[in-house]
Structure formats: C-alpha cells, structure tokens
Amino acid sequence: TRSTRPQRLLAAVQKNATRGDPRSVVKAIDEFCRYTEWAMNVGDEKGCILDSVVSEVNPATVLELGTYCGYSTVRIATLLPPDAKLITLEFNPDFAVIARQVIAWAGQEEKVHLVEGSSGDLIPKMKEQFGVKSFDLVFLDHWKDRYLPDAKLMEECGLLGKGSVLLADNVICPGSPDYLDYVRNSPKYRSQYFKSHLEYTKVEDGLEKSVFLG
Ligand SMILES: O=C(NCCNC(=O)c1cc(-c2ccc(F)cc2)cc(O)c1O)c1cc(O)ncn1
Ligand SMILES: [Mg+2]
C-alpha cells in the first residue's frame with residue numbers, strides 16, 4: 001500500500017541528513033517540505049522565532065504538545081543543555097513511530113521523552129509520572145481546539161510557575177481564537193504576537209508568546 005507522508009518525510013531525512021547532526025535533519029525536512037511535499041512542521045521561518053524564544057528562556061524543563069514528526073522537538077532539544085528535559089506528547093501512534101526515528105537520527109534521544117496519548121489525559125499525570133514541578137516552557141502545536149482547555153488544565157495542575165512561557169503555533173492559521181482571546185485578555189498572562197507565515201507558504205500565521213504571571 002502507499003506510504004504515508006510522515007514515512008516519506010523520514011525517508012528524506014535518512015537519505016539526506018547526517019546521523020547525529022540535528023541541523024542537517026532540520027535542513028533535510030525543510031527542503032523536503034518546501035520542494036517535494038508540504039507537511040505541518042513549524043518550519044524554518046517560525047522555527048527561527050521558536051529558537052530565539054527557547055534560547056531566551058533557557059528552560060530546564062520543556063513540554064511540547066503535538067510532536068508530529070519531531071521537527072520542532074529536534075529544534076528545541078538541540079538548544080537545551082545536557083541535563084534539561086523535553087517531554088513531548090503525541091496522540092497519533094503513526095506520527096509517534098516516525099518522530100522517534102527522526103529524533104534518534106538527530107541524536108537527541110537523551111533529552112527527549114516522547115509520550116503517546118492525549119494531552120487531556122497525560123497533563124494531570126505529569127507531576128507524579130515524570131517528577132515535574134513546573135514547566136519553564138510549553139510549545140503548543142497540537143489540535144488547535146485543545147490549546148485553551150490544556151492551558152487551563154496546566155494552570156489547574158500547578159504546572160505553570162511565575163515566568164513560565166507558553167509559545168503557541170498556528171494562532172492565525174488554522175487559528176485558535178478562543179485561546180488567543182484568553183491569553184491576551186487574562187490578567188494571568190502577558191502576551192506577545194510574533195507575526196510570520198504558515199510553514200513553507202506566503203499565508204499569514206504567527207506564534208503567540210504568553211508569560212504566566214502567577
Ligand atoms: O495533533 C494532531 N495533529 C496535528 C496538529 N497540528 C495541526 O493540525 C496543524 C495544521 C496545520 C495546517 C495549516 C493549514 C492547512 F491548510 C492544513 C493544516 C499547520 C500546523 O502547523 C499544524 O500544527 C493530532 C492528529 C491526530 O490524528 N490526532 C490527534 N492529534
Ligand atoms: Mg503547527
């Protein structure tokens with residue numbers, strides 16, 4: 001039967017990237033998605049904004065919601081110190097299978113803990129199962145209608161501390177209007193929009209960075 005898009009993306013990584021070289025993995029995925037087949041990675045343009053926020057926060061613990069093929073997982077992990085931890089949640093087992101291999105090809109397995117399941121089920125288990133006190137950075141890139149309920153869930157579970165940063169992809173396209181309204185109007189957050197484009201296209205999109213004020 002026909003291969004899936006994530007399988008074709010992985011094949012491009014294994015063909016064009018150097019094992020253990022995360023930058024070459026990121027480059028191979030971006031070239032594949034720009035010139036061969038579009039895929040919903042955060043991409044190179046928004047990826048640079050992601051990199052700058054990760055470097056600024058310099059997080060010890062990161063939560064990523066929505067792994068997909070592991071592109072942003074690799075970008076984030078590459079910028080973390082060796083003792084930092086990145087937990088990434090993926091609901092779709094077919095995506096998870098590919099992401100594990102992309103993360104391994106990039107040599108980032110040590111810092112990354114990929115957990116399969118729904119964010120709604122897993123977030124309440126973060127403290128007990130992973131010994132997480134709070135997350136310094138959360139990258140939201142999963143189902144757009146889960147951004148708001150999961151942000152509220154993280155608040156309720158005490159997973160956000162003063163200064164914790166939420167960085168959300170796709171706040172314009174496909175869009176997450178209820179989440180945007182919440183973080184921009186809640187006294188609990190200071191929010192900032194980074195205008196960009198939908199990965200590999202000229203369509204407007206952007207990242208919303210929201211600092212939890214406690
Ligand atoms: O998280 C799961 N999917 C990816 C979420 N991400 C997106 O949907 C997403 C979509 C787009 C996008 C934009 C324009 C367009 F025309 C089509 C798609 C871009 C992005 O940058 C995303 O991040 C998922 C899957 C599943 O089967 N079960 C549980 N969860
Ligand atoms: Mg996205």
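Residue numbers count from 1 along this sequence. First listed ligand is number 1; within each ligand, the first listed atom is number 1.
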**Q** With a 4.5 Å limit on heavy-atom distance, are the side chains of Leu148 and Asp181 in contact?
**A**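 Not in contact.
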**Q** Tell me, please: is Trp143 in heavy-atom contact with ligand 1, that is, under 4.0 Å?
**A**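 The answer is yes: ligand 1 sits under 4.0 Å from a heavy atom of Trp143.
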**Q** N/O/S atom of Glu199 under 2.8 Å from the Mg ion (ligand 2), yes or no?
**A**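 No, since none of the N, O or S atoms of Glu199 sits under 2.8 Å from the Mg ion (ligand 2).
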**Q** Restricting to N, O or S, what is the name of the atom of Asp141 that lies nearest the Mg ion (ligand 2)?
**A**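 So the atom name we want here is OD1.
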**Q** Answer yes or no: is there a side-chain heavy-atom contact under 4.5 Å between Leu10 and Val102?
**A**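 Touching, per the 4.5 Å side-chain cut-off.
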**Q** For ligand 1, find out whether one of its N or O atoms is nearer than 3.5 Å to an N or O atom of Lys46.
**A**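 Between Lys46 and ligand 1, no N or O pair is found under 3.5 Å apart.
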**Q** Only one of Arg190, Glu155, Met154 clears side chain to side chain contact (heavy atoms under 4.5 Å, CB included) with Phe212; which?
**A**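 Exactly one pass, corresponding to Glu155.
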**Q** Find all atoms of ligand 1 within a distance of less than 4.0 Å from any non-hydrogen atom belonging to His142, and give their numbers and elements.
**A**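 By the 4.0 Å cutoff, the relevant atoms are 1 (O), 5 (C), 6 (N).
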**Q** Between the side chains of Thr73 and Gln108, does any donor sit under 3.5 Å from an acceptor?
**A**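 Side chains of Thr73 and Gln108: no pair found under 3.5 Å.
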**Q** Contact between Glu116 and Thr67 at the side-chain level, heavy atoms closer than 4.5 Å - yes or no?
**A**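 Result no, sub-4.5 Å side-chain heavy-atom pair not found.
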**Q** Check if Lys144 has a non-hydrogen atom at a distance under 4.0 Å from any atom of ligand 1.
**A**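 Yes, that is the case, since the closest heavy atom of the residue is under 4.0 Å from the ligand.
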**Q** Find out whether Tyr200 and Asp30 are in side-chain contact, i.e. whether some heavy atom of one side chain is under 4.5 Å from a heavy atom of the other.
**A**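 Result yes, sub-4.5 Å side-chain heavy-atom pair found.
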**Q** Gly66 near ligand 1, heavy-atom distance under 4.0 Å?
**A**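 No, Gly66 has no heavy atom closer than 4.0 Å to ligand 1.
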**Q** So, regarding Asn41 and ligand 1 (criterion: nitrogen or oxygen to nitrogen or oxygen, under 3.5 Å), is there a contact or not?
**A**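 Among all N and O atoms of Asn41, none is under 3.5 Å from an N or O of ligand 1.
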**Q** Are any of the side-chain heavy atoms of Phe194 and Lys46 separated by less than 4.5 Å?
**A**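 Phe194 vs Lys46: side chains apart.
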**Q** Any non-hydrogen side-chain atom of Met126 less than 4.5 Å from a side-chain atom of Lys133?
**A**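 Side chain of Met126 against side chain of Lys133, heavy atoms only: no contact under 4.5 Å found.
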**Q** Are any of the N/O atoms on Asp169, whether in the backbone or the side chain, positioned under 3.5 angstrom from an N/O atom of ligand 1?
**A**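 In this structure, Asp169 places an N or O atom under 3.5 Å from an N or O of ligand 1.
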**Q** Pairing donors with acceptors under 3.5 angstrom, does anything connect the side chains of Asp178 and Tyr147?
**A**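 There is no such pair between these side chains.
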**Q** Show me which atoms of ligand 1 lie under 4.0 Å from any heavy atom of Asn92.
**A**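 Checking each atom against Asn92, I get 26 (C), 27 (O).
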**Q** Could you pull out the atom name of the N/O/S atom in Asp169 that is nearest the Mg ion (ligand 2)?
**A**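 Result for Asp169 and the Mg ion (ligand 2): OD2.
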**Q** Under 4.0 Å from any heavy atom of Trp38, which atoms of ligand 1 are there?
**A**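 Within the 4.0 Å cut-off of Trp38, ligand 1 contributes 12 (C), 18 (C).
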**Q** Could you tell me whether the Mg ion (ligand 2) has an N, O or S atom of Asn170 under 2.8 Å away?
**A**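 True for Asn170.
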**Q** Minimum distance, heavy atoms only, to atom 13 (C) of ligand 1: which one of Asp205, Thr201, Leu198 is it?
**A**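 Of the listed residues, Leu198 has the closest heavy atom.
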**Q** Do you see a protein non-hydrogen atom under 4.0 Å from atom 16 (F) of ligand 1?
**A**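 It does not: no protein heavy atom is found less than 4.0 Å away from atom 16 (F) of ligand 1.
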**Q** Within a strict 4.5 Å, meaning less than it, do heavy atoms of the Pro187 and Leu213 side chains meet?
**A**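 Counting from C-beta outward, Pro187 and Leu213 never come under 4.5 Å.
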**Q** I'd like to check which ligand 1 atoms, numbered from 1 as shown, lie under 4.0 Å from a non-hydrogen atom of Glu199.
**A**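 Per the distance check, 19 (C), 20 (C), 21 (O).
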**Q** When you look for heavy atoms under 4.0 Å from ligand 1, do you find them on the side chain of Phe91, its backbone, both, or neither?
**A**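 Only the side chain of Phe91 comes within reach of ligand 1.
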**Q** Output, in order, the C-alpha distance, side-chain angles, deciding distance and verdict of ring-ring contact (aromatic ring centres under 6.0 Å, His included) for Phe130 and His113.
**A** CA-CA 10 Å; Phe130 301 100; His113 203 109; 5.1 Å; yes
**Q** Within ligand 1, which atoms have a heavy atom of Asn170 less than 4.0 Å away?
**A**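 Numbered from 1, ligand 1 contributes 19 (C), 20 (C), 21 (O), 22 (C), 23 (O).
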**Q** Among all the protein's non-hydrogen atoms, which is closest to atom 4 (C) of ligand 1, and how far away is it?
**A**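 Nearest protein contact, heavy atoms only, for atom 4 (C) of ligand 1 is Met40 CE, 3.5 Å.
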**Q** Do you know the tightest heavy-atom contact between Arg75 and Asp44?
**A**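 The answer is NH1-CA, 3.8 Å.
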